[in-house]
Amino acid sequence: MDLQINSFEDYKRVYEYSVAEPEKFWAGIADTFTWRKKWDKVLNWNFTEPNIRWFEGAKLNITENCLDRHLETLGNQPAIIWEPNDPEEDHRVLTYKQLHDKVCQFANVLKNNGAQKGDRICIYMPMVPELAIAVLACARIGAIHSVVFGGFSAQSIADRIQDASCSLVITSDGAFRGGKEIPMKSVIDDALVRCPSVKKVIVLTRSRTPVSMIKGRDAWWEDEVKKVETMGNPDCPAEEMDAEDMLFILYTSGSTGKPKGVVHTCGGYMVYTGYTFANVFQYQPGEVYFCTADIGWITGHSYIVYGPLSQGATSLMFEGIPTWPDAGRLWNIVQIHKANILYTAPTALRSLMGFGLDPVIGKDLSSLKKLGSVGEPINEEAWHWFDDHIGHNKCPIVDTWWQTETGGIMISPIAGVTPTKPGYATLPLPGIQPILVDENGKEIEGNDVSGNLCIRYPWPGMLRTTYGDHERCRTTYFATYENLYFTGDGCLRDADGYYKITGRVDDVLNVSGHRLGTAEVENAINMHANVIESAVVGYPHDIKGQGVYAFVVCPEKHGTDESTRKDIVMTVSRIIGPIAKPDKIQFVSGLPKTRSGKIMRRILRKIAEGDTSNLGDTSTLLDPAVVTEIKEGRI
Ligand code: WT7
């Protein structure tokens, strides 16, 4: 069976084959990768435990697929082009050969510092090439990386390090992001007060801000590299991994207070990210691919590092932010590096739209051939702006729906091959079987319908467990509906059978494309000394997609309402990180609760959205008067 997808007809044929013969389909895709030993069985699965095993018995190392196998043909091709935060600083290019050597070198550094296969290593770094090198070096020696986004607080880092018992941390002295300098090592020092499992910290020099270096524990990246250089042998043979060995943990928010460590494994994740990258973006040899995500999130893992590199692509990585030094920064980067593919987030587009067309005018965007969107629903206005002003109506836009848990893109157009439709993720990729269900788990068939989005058959990139707590994985994703993976998203399927993701149906917010649990933010607000209780909901926000609206019971304030609001914001920043700061805080005398004490979020959501005309049934409320007060006090 020919699995090449070059036309809509090919798509339909391959899709049908993938449903009729899933194991043969995935074996065909997996055959295009390099294995030390091929699998004994393509798939073993049940969604009840759940137990999902892809390519069982196969042996590989993902870095041999991302690096070694390209050396002969693409050794001198750029693997990573790095654009610094400050446009005055030189950009850097790492060819596949250079990246391979640096990964081997740093893998040896890790080994010298006691790291072994199966160890968990926390990475807290800015968007510099060394972040990709650190990630790949872990994979090289079979250590499990847990990258924590640079915007998380010391407390959040400590929680994640403890949950996975990490033995080693890789960080930098400081980081540059726009006009700000972030004290990375100092944040790590605060976190490590609570992390006895950490024996070593390796610190990359980036800002050369003063940092404390603790004897026996902390070492500079550059010094450690020198040590392995003087030892001679720069090579580091890749550790042989089972297909189902853990590759990494990535923490993500859910509807409970505590983030979950989503676990991905070596073989399936490699096959899935490589397959989706090659197909969705229709990557052609020599193209420059630019994804604006941070490696601290799944998009960066799958579509800056592993997917592009396994396909021998040139991945452009950017340290800074789209609005610094001005709102033309992304367009300058596209122009300078002649980027052919641009993959970004609706929130970035909406924020740039706010600056008008001046920052775009005069920029040479003629290199662009394909555009992509990820992380949240893209509104039609942003879609058209992207199409008109960035793609000049000649670049297909792939609106890619997926999740940390899915490992890679699930529902999306295939660039230039399948149709696009503004606001729609359109059709499932071959190998993916979506299904819509009602609250009782009954399938909603036919078109022009909506329901809860589930997936009914495994795919290689899916999560295998949540670290240290398999039961949590089962209850969160596999227990809501029997024999289905539940995404947590609402979805409509239009008359043509095209999918449009309408947003979360659980207590999860999507703020600027970042996932936040309402319970998590509430816990942080409740840490403030004067707060008695709180309820957090999302509301439509012009740029962020969703904003954080907090209803807070705080009868005794220290100072004014305004200063107390600022204290609460600071508390959330310290507990979770600046990304979770509430946009609006309304002080209330009580929360609307049922007689059994459950907060009626439905009512609060409506008030936050400004839709107070019909709040639905409030007769079960303990104290209906509180609703009137909250309505009147709305910000
Ligand atoms: C949630 C997953 C996908 C990687 C980055 C975010 C929302 C994601 C889309 C899209 C509408 C989208 C969903 C999903 N989402 N992509 N194209 N259209 N919604 O990963 O943090 O795991 O969040 O983001 O609600 O469940 P994540």
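If you read the sequence from its start, that first residue is 1, and numbering goes on from there. We count ligands from 1, going down the list as the structure has it; atoms in each ligand are counted the same way. Atoms considered below: every heavy atom in the structure, side chains included; atoms not considered: hydrogens, waters and symmetry mates.
Residue contacts with ligand 1 do not include A425, since none of its heavy atoms lies under 4.0 Å from the ligand.
Between Y306 and H145, the ring planes are parallel. Angles under 30° get that label, and only those over 60° would be called perpendicular. Between F47 and F478, the ring planes are tilted. Angles from 30° to 60° get that label. A perpendicular orientation is assigned to the rings of F281 and Y303, their planes being inclined by more than 60° (bins at 30° and 60°).
The closest protein non-hydrogen atom to atom 11 (C) of ligand 1 is P377 N, 3.1 Å. Looking only at protein heavy atoms, the nearest one to atom 21 (O) of ligand 1 is R515 CD, 3.3 Å. Of all protein heavy atoms, the one closest to atom 2 (C) of ligand 1 is W402 O, 3.7 Å. The protein atom (non-hydrogen) at minimum distance from atom 5 (C) of ligand 1 is T299 OG1, 3.4 Å. The shortest contact between atom 10 (C) of ligand 1 and any protein heavy atom is with E376 O, 3.5 Å. For atom 13 (C) of ligand 1, the nearest protein heavy atom (residue, atom name, distance) is D489 OD2, 3.2 Å. Taking atom 6 (C) of ligand 1 as the reference point, the nearest protein heavy-atom neighbour is G375 CA, 4.1 Å.
T400 and Y343 share a side-chain donor-acceptor pair at under 3.5 Å.
Shortest non-hydrogen contact noted between L509 and G538 is CD2-N, 3.4 Å.
The shortest N or O to N or O distance between S373 and ligand 1 is not below 3.5 Å. The shortest N/O to N/O separation between T252 and ligand 1 does not fall below 3.5 Å. In terms of N/O distances under 3.5 Å, ligand 1 is approached by R504. In terms of polar-atom proximity, T487 is not counted as a contact of ligand 1, lacking any N or O under 3.5 Å from an N or O of the ligand.
Taking CD1 of I390 as the start and CG of L349 as the end, the distance is 7.5 Å to the nearest 0.5 Å. Distance check: H541 NE2 to I543 CD1 gives 6.5 Å after rounding to the nearest 0.5 Å.
Remark: K260 is not positioned above the aromatic ring of Y467, lacking an NZ or CZ atom under 6.0 angstrom from the ring centre and at most 45 degrees off the axis.
Y498 has its ring centre no less than 6.0 Å from the ring centre of Y424. Taking the six-membered ring for Trp and the full ring otherwise, Y289 and F277 have centroids separated by under 6.0 Å.
Listed by number with element, the atoms of ligand 1 under 4.0 angstrom from any heavy atom of I298 are 4 (C). Every atom of ligand 1 with a heavy atom of V374 under 4.0 Å away is listed here by number and element: 3 (C), 4 (C). Ligand-side atoms of ligand 1 in range of I501: 11 (C), 19 (N), range being under 4.0 angstrom from any heavy atom. Residue N510 approaches ligand 1 through these ligand atoms, each under 4.0 Å from one of its heavy atoms: 7 (C), 24 (O).
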Give the C-alpha distance, both sets of side-chain angles, the deciding distance and a yes or no for side-chain hydrogen bond (donor to acceptor under 3.5 Å, both in side chains) between D387 and N393.
CA-CA 5 Å; D387 188 32; N393 305 108; 3.3 Å; yes

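Heavy atoms of I378 found under 4.0 angstrom from ligand 1: none, in either backbone or side chain.
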